[in-house]
Enquirer: 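Take this structure, written in structure tokens, and hold onto it; I'll ask about it next.
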Amino acid sequence: MDKAQRRYLELLSRSFPTAAKASAEIINLSAILNLPKGTEFFASDIHGEYGAFSHILRNASGSIRLKIDDAFGDELSPEEKRSLATLIYYPREKMELVLSQTDDAQEWYAVTLPRLVAVCKRAARKYTRSRVRRALPADFAYIIEELMTEKSDGVDKRAYYAAIIDAVIRTGRGGALIEALCLLIQHLAIDRLHIVGDIYDRGPYPHVIMDTLMGQHSLDIQWGNHDLVWMGASLGQRGCIAHVVRNCARYGNLSILEDAYGINVLPLASFAREAYAEDPCVAFGLKGSPDLPPQELELNVKIQKAMAIIQFKVEARLIDENPGFGLESRKLLDKIDFARGTVVVDGVEYALTDTVFPTVDPADPYRLTPEEEEVMCRLEQAFTGCEKLQRHMRFFLEAGSLYKVHNSNLLFHACVPLNDDGSLKEVDVFGERCKGRALYDVMERWVRAAFNSPDPEERKRGRDLMWYMWLGEGSPLFAKSKMATFELYLIAEKEARKEVKNPFYTYLDDERVMRGVFADFGLDFETSRIVCGHVPVKVKDGEDPVKCGGHVLTIDGGFSRAYQPTTGIAGYTLISNSYGFVLAAHEPLESARAAVERELDIHSSRRVVERVERRTLVADTDTGAELKRQIADLEELLAAYRAGDIAERG
């Protein structure tokens with residue numbers, strides 16, 4: 001035994017000071033290896049749609065309804081099962097409604113509590129008792145554990161269990177226990193949650209989603225381009241701020257800034273009203289048909305145009321400061337012929353759809369007016385000074401990354417940039433040329449440097465790269481030839497607006513190319529999968545989210561209402577359990593209120609993507625690999641105790 005190994009075993013002996021304790025832990029870990037793997041749950045491109053996302057989390061994409069079926073079979077009617085499921089999803093709201101309509105609350109409690117315990121037992125079957133115990137709510141840990149250990153065929157303790165439920169009801173704690181059991185079932189239904197990017201933009205409640213995710217017990221996030229642009233904005237990066245504010249106005253969601261994060265947009269509103277007072281802003285109508293009063297609608301339109309012009313200006317400065325980004329062609333204000341109302345893009349002259357530019361000086365088109373500069377200064381201060389926003393973005397940094405390899409699944413938001421021939425595309429990152437996994441690693445280091453580096457120049461470079469990752473052709477998060485914001489607003493012709501996808505999407509069904517991607521990340525193509533989002537799957541047009549024989553799964557199904565006409569569904573979720581992979585396609589949720597009052601669930605069609613021949617155990621997972629390493633270390637410690645090389649401590 002060398003010195004390093006001896007030192008390690010001595011440190012390990014502090015946690016397991018005797019041979020008996022080391023043996024007990026070996027037995028425990030060895031047993032865990034033979035349990036079924038926990039259920040993993042994948043979702044992407046949520047885009048602020050809290051209602052639909054929350055419901056799918058609550059019902060675990062239909063998994064909880066299946067557990068009710070398993071627990072009761074034909075013992076309960078379909079109506080009783082539906083009512084029980086709704087209670088589990090929305091315990092507080094459903095209880096309030098039921099109790100207002102029943103004459104015998106005590107009887108309802110007496111019937112409902114045992115039913116919930118039965119579902120809870122079913123949800124806990126694949127976990128150790130210690131794992132379940134850690135999930136128990138403190139107020140009811142003892143009671144729930146006792147009820148869950150009841151044997152259905154035992155008579156010795158029947159009166160004991162009945163007395164527990166009777167006492168809970170008699171002391172007025174029936175409602176609290178029901179809520180605790182429902183939340184425990186939700187907790188046990190999902191062992192690990194993977195969010196494959198884009199929580200922000202478009203929908204109105206990204207902040208509520210972030211609060212929900214911060215309460216999850218096991219979570220990882222792969223940053224999407226819409227997430228990263230918010231992260232950059234939180235650091236005061238002007239290009240990112242300009243997009244975030246413009247996009248909130250475009251979708252009628254300025255309340256995200258004002259109400260959710262306390263960012264004062266009054267100076268911007270005053271500027272927009274004055275600068276664009278007589279401007280109809282004809283090219284800047286809102287997206288998604290937001291339900292706003294006429295005056296507020298008009299203000300959002302003016303703010304959107306004001307921020308779009310500011311965005312074009314601040315982005316031009318960023319392009320000049322970072323020539324390595326290769327974005328010179330994205331400077332278009334200087335290509336405008338203001339007298340003729342035209343613009344030249346890629347050598348082609350187009351008529352402008354809007355020719356009113358009161359804040360643009362044709363002689364110096366990228367100079368911010370004093371009023372625009374004041375607006376940007378105030379927004380910078382507001383974004384960097386918002387404690388809630390900083391807390392959410394720090395959570396992104398702690399729980400998130402650009403990609404993750406987990407249980408042989410490669411998770412990233414958009415793509416691995418490829419050349420036209422399917423080879424990995426090299427991208428210049430501040431003079432360092434890299435591709436594939438190395439590109440992801442380098443870019444993630446710069447993102448973390450933007451938040452944490454003690455060097456101001458490194459922090460600035462990191463911030464600017466975050467803006468590039470939002471819209472740059474070489475970004476693995478953007479995956480298109482250009483961000484055609486200018487053209488989408490100001491040019492009618494479709495050919496000017498076209499954003500060409502990276503060749504990665506052309507090769508999704510090409511096994512040769514995909515094998516190269518898997519190999520670059522150190523993965524075996526035969527046993528691995530890519531899970532990604534970013535580009536909505538046009539289900540209504542017959543597009544299949546399952547690519548390359550099931551090795552690539554694209555799961556952006558349109559949580560965002562703005563994309564549902566394109567996809568024809570209201571989102572995908574992917575479930576990986578011990579039996580294989582199931583892809584769930586969801587229809588729109590009418591509302592949480594309808595779900596409670598009329599017991600309407602989201603209708604989800606479930607498709608088995610892969611069914612394994614042998615049930616997957618913990619031993620087959622990344623957790624299992626770690627447990628095996630721990631067992632090997634403990635066996636070395638046990639051998640050292642028995643050989644007398646290390647003395648037991650007790």
Enquirer: Below 30° counts as parallel, above 60° as perpendicular, anything between as tilted: where do the rings of F521 and Y440 land?
Expert: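 F521 vs Y440 ring planes: perpendicular.
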Enquirer: For E372 and T369, indicate whether the former's side chain and the latter's backbone hold a donor-acceptor pair under 3.5 Å.
Expert: yes
Enquirer: The criterion is ring pair (Phe, Tyr, Trp, His ring centres under 6.0 Å); which residues satisfy it with H194, sequence neighbours excluded?
Expert: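 H194: ring pair (Phe, Tyr, Trp, His ring centres under 6.0 Å) contacts with F42, H406.
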Enquirer: Dump the intermediate steps for side-chain contact (heavy atoms from CB on, under 4.5 Å) on R448 and S401, then the final yes or no.
Expert: CA-CA 10 Å; R448 296 190 183 280; S401 57; 4.2 Å; yes
Enquirer: Taking atom CG of D364 as the centre, does the number of heavy atoms from other residues, nucleotides or ligands within less than 6.0 Å exceed 12?
Expert: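 Result for CG/D364: enclosed.
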Enquirer: Output the distance between atom CD1 (I199) and atom CG (D45), rounded to the nearest 0.5 Å.
Expert: 10.5 Å
Enquirer: Measuring from L439:CG to L402:CG, what's the distance to the nearest 0.5 Å?
Expert: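 Separation between the atoms: 9.0 Å.
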Enquirer: May I ask you to decide if L418's main-chain N or O and N502's side chain share a donor-acceptor pair within less than 3.5 Å?
Expert: yes
Enquirer: Test side-chain contact (heavy atoms from CB on, under 4.5 Å) on V531 and L410; report intermediate values, then the result.
Expert: CA-CA 6 Å; V531 181; L410 171 57; over 6 Å; no
Enquirer: Would you mind listing every ring-ring contact (aromatic ring centres under 6.0 Å, His included) that reaches into residues 451-485, with sequence neighbours excluded?
Expert: H226-W470, H243-W470, F325-Y468
Enquirer: Do the numbers put K331 on top of the ring of Y366, so that NZ or CZ is under 6.0 Å from the six-membered ring centre and no more than 45° off the axis?
Expert: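 Yes, K331 sits over the ring of Y366.
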Enquirer: Can you confirm whether E387 is buried at CD, in the sense that more than 12 heavy atoms of other residues, nucleotides or ligands lie under 6.0 Å from that atom?
Expert: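 More than 12 heavy atoms, drawn from other residues, nucleotides or ligands, come within 6.0 Å of this atom.
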Enquirer: For Q390 and S234, work out which heavy atoms get closest and say how close.
Expert: NE2-O, 2.8 Å
Enquirer: If every non-hydrogen atom of I555 is compared with every non-hydrogen atom of V196, which pair is closest and at what distance?
Expert: CD1-CG2, 4.3 Å
Enquirer: Classify the angle between the aromatic ring planes of H413 and H534 as parallel (below 30°), tilted (30 to 60°) or perpendicular (above 60°).
Expert: perpendicular
Enquirer: Keeping the roles fixed (side chain from Q311, backbone from G239), state whether a donor-acceptor pair exists under 3.5 Å.
Expert: no
Enquirer: Mind checking whether D337 and V343 have side chains closer than 4.5 Å, heavy atoms only?
Expert: no
Enquirer: Looking only at heavy atoms, which two atoms of A233 and C240 are closest? And how far apart?
Expert: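 Reported closest heavy-atom pair: N-CB, 3.4 Å.
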Enquirer: Can you list everything that forms a side chain to side chain donor-acceptor pair (under 3.5 Å) with D227? Sequence neighbours excluded, please.
Expert: none
Enquirer: For a quick test of reading the model, state the closest non-hydrogen atom pair linking L583 to P545 and the distance between them.
Expert: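 Answer, listing the atom of L583 first, then P545: CD2-CG, 3.4 Å.
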Enquirer: How many angstroms lie between NZ in K404 and CG in L411, if you round to the nearest 0.5 Å?
Expert: 8.0 Å
Enquirer: Under 3.5 Å, side chain of N322 to main-chain N/O of G324, donor-acceptor pair present?
Expert: no
Enquirer: Output side-chain donor-acceptor pairs under 3.5 Å for residues 252-261, partner residues at least two apart or in another chain, one line each.
Expert:
{"residue": "N253", "atom": "ND2", "partner": "R202", "partner atom": "O", "Å": "2.5"}
{"residue": "Y261", "atom": "OH", "partner": "Y200", "partner atom": "OH", "Å": "2.7"}
{"residue": "Y261", "atom": "OH", "partner": "H392", "partner atom": "ND1", "Å": "2.8"}

Enquirer: Hey, could you give me the CG/OG distance between D346 and S329, rounded to the nearest 0.5 Å?
Expert: 6.5 Å
Enquirer: Is there a salt bridge (charged side-chain N to carboxylate O under 4.0 Å, His left out) between E543 and K538 once you walk through the steps?
Expert: CA-CA 5 Å; E543 185 178 352; K538 297 178 181 178; over 6 Å; no
Enquirer: Passes salt bridge (charged side-chain N to carboxylate O under 4.0 Å, His left out), R238 versus E380? Steps please.
Expert: CA-CA 7 Å; R238 283 192 165 194; E380 278 182 66; 2.5 Å; yes
Enquirer: Which heavy atom of I491 sits nearest to which heavy atom of A496, and what is that distance?
Expert: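 So the two residues come closest at CG2-CB, 3.7 Å.
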Enquirer: Please test V345 against Y350 for side-chain contact (heavy atoms from CB on, under 4.5 Å), starting from the C-alpha separation and ending with a verdict.
Expert: CA-CA 8 Å; V345 178; Y350 298 97; 4.1 Å; yes
Enquirer: Looking only at non-hydrogen atoms, find the nearest pair between I209 and E49 and report the distance.
Expert: CD1-N, 3.9 Å
Enquirer: With rounding to the nearest 0.5 angstrom, report the CE to CZ distance, M231 to R394.
Expert: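 Rounded to the nearest 0.5 Å, the CE-CZ separation comes to 9.0 Å.
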Enquirer: Identify all side-chain donor-acceptor contacts of residues 300-309 below 3.5 Å with residues at least two apart in sequence or on another chain.
Expert:
{"residue": "N300", "atom": "ND2", "partner": "E296", "partner atom": "O", "Å": "2.8"}
{"residue": "K302", "atom": "NZ", "partner": "Y276", "partner atom": "O", "Å": "2.7"}
{"residue": "K302", "atom": "NZ", "partner": "D279", "partner atom": "O", "Å": "2.9"}
{"residue": "Q304", "atom": "OE1", "partner": "Y489", "partner atom": "OH", "Å": "2.6"}
{"residue": "Q304", "atom": "NE2", "partner": "F284", "partner atom": "O", "Å": "2.7"}
{"residue": "K305", "atom": "NZ", "partner": "D279", "partner atom": "OD2", "Å": "2.5"}
{"residue": "K305", "atom": "NZ", "partner": "D354", "partner atom": "OD1", "Å": "3.1"}
{"residue": "K305", "atom": "NZ", "partner": "D354", "partner atom": "OD2", "Å": "3.1"}
{"residue": "K305", "atom": "NZ", "partner": "V356", "partner atom": "O", "Å": "2.6"}

Enquirer: What residues form a side chain to side chain donor-acceptor pair (under 3.5 Å) with R330, not counting sequence neighbours?
Expert: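 In terms of side chain to side chain donor-acceptor pair (under 3.5 Å), with neighbours along the sequence ignored, R330 is linked to E487.
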Enquirer: Determine yes or no for a side-chain-to-main-chain donor-acceptor pair under 3.5 angstrom, with D428 supplying the side chain and G431 the backbone.
Expert: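 Present.
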Enquirer: Flag the pair F430 / W446 as yes when their ring centroid distance falls below 6.0 Å, and as no otherwise.
Expert: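 Centroid distance F430-W446: below 6.0 Å, so yes.
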Enquirer: Begin with the C-alpha distance, continue with both residues' side-chain angles, and end with the deciding distance and a verdict on side-chain contact (heavy atoms from CB on, under 4.5 Å) for L553 and V546.
Expert: CA-CA 5 Å; L553 304 170; V546 180; 4.0 Å; yes
Enquirer: About how many Å separate CD of E426 and SG of C434, when rounded to the nearest 0.5 Å?
Expert: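 The distance works out to 8.0 Å.
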Enquirer: Please work out whether the ring planes of W230 and F383 are parallel, tilted or perpendicular, with thresholds of 30° and 60°.
Expert: tilted
Enquirer: For the side chain of S481 and the backbone of V500, is there at least one donor-acceptor N/O pair under 3.5 Å apart?
Expert: yes
Enquirer: List the steps and the verdict of salt bridge (charged side-chain N to carboxylate O under 4.0 Å, His left out) for D464 and K460.
Expert: CA-CA 6 Å; D464 289 354; K460 183 184 185 307; 2.6 Å; yes
